[in-house]
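Some notes on the structure that comes next.
Sequence lines set the chain letters: A, B, ... in the order given, protein chains first and strands last, and positions in each chain run from 1.
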Amino acid sequence: MSIRRPDLAPDPSLSRAEMESLQREIARSAVFTDDLGFDPALLGDPIARATADAPSDPDEAADSGDRTDGTTPLVAGVDQSFLLDQDRALSAIVVLRPAGSEWEVVERVHAVTPLEIPYIPGLLSFREGGAILAAVEELSADPDLYLFDGSGRIHFRQAGIATHIGVMLDAPSIGVAKNLLCGDPVDSTEGLAAGERVPIEANADVEGPDDIAGDETGCEGHDAADPDWPTIGYAVQSKQYDSPNRHVNPLLVSPGHRVSAATAADVVLAFAAGYKLPEPTRLADAYANDATKKHDS
DNA sequence: GCGACAG
DNA sequence: ATCTTGTCGC
């Protein structure tokens with residue numbers, strides 16, 4: 001849980017333009033392909049996990065991406081809540097380890113920090129990032145993967161809160177949002193069955209990580225003449241009702257850092273436990289809420 | 001000026 | 001995100 005890039009800290013005292021250029025730098029440092037350091041299949045498949053838990057050959061285990069200590073990957077869920085006075089944010093982190101067909105809570109930490117700036121769409125990490133980093137400092141575990149409440153690559157500058165913190169920690173990270181910030185679903189996202197997904201592709205609202213420099217033409221980075229919009233995330237149906245009357249909206253999942261969009265969606269589905277939110281984020285949300293109540297009382 | 005957007 | 005009761009539909 002060491003901070004590898006303190007130079008990229010979400011300083012709330014920066015000007016808006018400085019925040020945005022920092023996000024462009026973060027997007028250039030971000031890796032939107034799989035570089036997890038472990039096999040993500042270990043998260044979803046109890047059988048693959050059981051096999052990996054008792055590797056016949058140590059070298060084989062290393063090749064398959066097993067942790068050096070032979071344990072299964074640690075996955076952290078991160079979520080924020082706000083104190084009653086509205087002046088402070090509370091960030092909660094719950095660390096899970098796959099155990100059998102369920103998960104074991106390895107650690108829970110939280111931190112409270114003052115809120116410096118209001119919520120501005122696109123600049124969420126500058127409002128909540130300080131609290132998250134304070135909570136990360138409290139961790140004694142070293143998670144292999146982080147799930148954040150909010151967007152990652154689905155962001156105007158492809159540097160949402162999951163990307164910002166993931167790059168700072170140089171840890172694999174995923175953004176799990178309940179609403180779409182930008183980008184376009186390639187198909188309707190209504191009436192999806194549990195387990196289904198629809199790609200979200202970039203549009204003109206999303207700057208490309210390449211020519212993010214000085215484009216005054218308004219096409220903001222992508223070649224409007226030859227639109228080759230990349231898939232920046234997925235609408236993921238983590239839960240659905242059977243009857244036609246009641247329905248659940250899909251989650252909007254995107255890579256934070258060192259994860260592809262497809263794997264990010266796979267991971268979220270692997271942590272679906274009958275609730276809309278994946279277990280790490282759901283437990284972090286619950287923990288944040290009752291920690292907030294205790295602080296208020 | 002209007003649009004328009006995570007938590 | 002947060003302030004809030006009941007209420008409709010699983």
Starting at atom [atom1] of [X], determine the distance to atom [atom2] of [N], rounded to an integer number of angstrom.
X	N	atom1	atom2	result
A:Glu20	B:dC5	CD	P	17 Å
A:Phe156	B:dG3	CZ	P	16 Å
A:Leu180	B:dG3	CG	P	19 Å
A:Phe148	C:dA1	CZ	P	17 Å
A:Leu124	C:dT2	CG	P	13 Å
A:Glu128	C:dT2	CD	P	10 Å
A:Asn179	B:dA4	CG	P	15 Å
A:Tyr119	B:dC5	OH	P	10 Å

Nucleotide nearest [X] when distance is taken to its side chain, options [options]:
X	options	answer
A:Phe82	B:dG7, C:dA1, C:dG9	C:dA1
A:Lys178	B:dA6, C:dC3, C:dA1	C:dA1
A:Asn289	B:dA6, C:dA1, C:dT2	C:dT2

Are A:His164 and A:His257 an aromatic pair, judged by ring center distance below 6.0 Å? no
For A:Asn245 and C:dC8, is the shortest distance between a side-chain N/O and OP1 or OP2 below 4.0 Å?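 So the side chain of A:Asn245 is outside the cut-off, no N or O lying under 4.0 Å from OP1 or OP2 of C:dC8.
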Phosphate contact (C:dC10 OP1 or OP2) by A:Ser243 side-chain N/O below 4.0 Å: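 Checking C:dC10 against A:Ser243, a side-chain N or O does come within under 4.0 Å of OP1 or OP2.
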Looking for any heavy atom pair under 4.0 Å, which part of the strands does A:Ile161 touch: base, sugar-phosphate only, or nothing? base
Describe the nucleic acid contact of A:Leu115 in one word from base, sugar-phosphate, nothing, applying a heavy-atom distance below 4.0 Å.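 The answer is nothing, as A:Leu115 stays clear of every strand by at least 4.0 Å.
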Applying side-chain hydrogen bond (donor to acceptor under 3.5 Å, both in side chains) to A:Glu18 and A:Ser15, what does each step give before you reach the verdict? CA-CA 5 Å; A:Glu18 289 171 326; A:Ser15 69; 3.2 Å; yes
List the atom of A:Arg157, the atom of A:Ala27, and the distance in Å for their closest heavy-atom pair. O-CB, 3.3 Å
Locate the shortest heavy-atom distance separating A:Ala92 from A:Tyr287; write the atom from each residue and the value.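 Where A:Ala92 meets A:Tyr287 most closely, the heavy atoms are CB-CD2, 3.6 Å.
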Geometric cation-pi criterion A:Arg127 and A:Tyr119, 6.0 Å radius, 45° cone: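 Judged by the rule, A:Arg127 and A:Tyr119 form no cation-pi pair.
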By nearest-heavy-atom nucleotide on DNA chain C, the more 5' of A:Asp296 and A:Tyr241 is A:Asp296
